[in-house]
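The next block holds one structure in the form of C-alpha cells; read it before the comments.
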Amino acid sequence: MKVKLIKEPDNEYDKEAIQVKVKGLGKVGYVANSPYTVKGESMSAGRLYDKLGDKAKGKAVFVIDGGVVCRIVDTGVENLNIIDSDLQ
C-alpha cells in the first residue's frame, strides 16, 4: 500500500509532525515521534523531518501491533536518497 507523507510545521503538538495519508481514506495518522511510539529501529518523525521535502511517498512493508512500518520510496527532495531507511 502506498502512503503520502506531508509535513505539518504548524501542528500545535509537534513541530516535526508528518501526517500520513492513504488515497481513498485521507489522513490515517502520523509518523511516530516518541520513544514510546516508534517501533523497533524505525526512524522517528524528528529523524526524518529534515530529510524529506514538504511531501514524500512511502510504501507499507509491515503491519505490526499498534502501527505500520513503511519504506520511503520518494523523499520529495531532489538528489536525496534515504530509500533504505524505514519509518513507522
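None of the values given here were measured: they were computed from a predicted structure.
- We find the CG-NZ distance between Leu5 and Lys21 to be 11.5 Å, quoted to the nearest 0.5 Å.
- When all heavy atoms are compared, the tightest approach of Lys15 to Glu12 is NZ-CA, 4.4 Å.
- Hydrophobic clustering of Ile, Leu, Val, Met, Phe, Trp and Tyr side chains at less than 4.5 Å, counting indirect connections, keeps Ile6 apart from Val77.
- Looking at residues two or more places apart in sequence or on another chain, you find a side chain to side chain contact (heavy atoms under 4.5 Å, CB included) between Val28 and Val20, Val22, Leu25.
- Take Asp54 and apply the side chain to side chain donor-acceptor pair (under 3.5 Å) test, not counting sequence neighbours, and it matches no residue.
- For the residue pair Ala60 and Cys70, the shortest heavy atom distance occurs at CA-SG, 3.7 Å.
- Listed here is the closest heavy atom pair of Asn33 and Thr37: N-OG1, 3.8 Å.
- With sequence neighbours excluded, the residues satisfying side chain to side chain contact (heavy atoms under 4.5 Å, CB included) with Lys57 are Val73, Asp74.
- Not counting sequence neighbours, the partners of Pro9 by the side chain to side chain contact (heavy atoms under 4.5 Å, CB included) test are Lys7, Tyr49.
- Heavy-atom minimum distance, Glu16 versus Ala45: O-CB, 3.4 Å.
- For Lys2, the NZ atom counts as loosely surrounded, since its 6.0 Å shell holds 12 or fewer non-hydrogen atoms of other residues, nucleotides or ligands.
- Partners of Glu8 according to the side chain to side chain donor-acceptor pair (under 3.5 Å) rule, which considers only residues two or more places apart in sequence or in another chain, are Asn11, Gln19, Tyr30.
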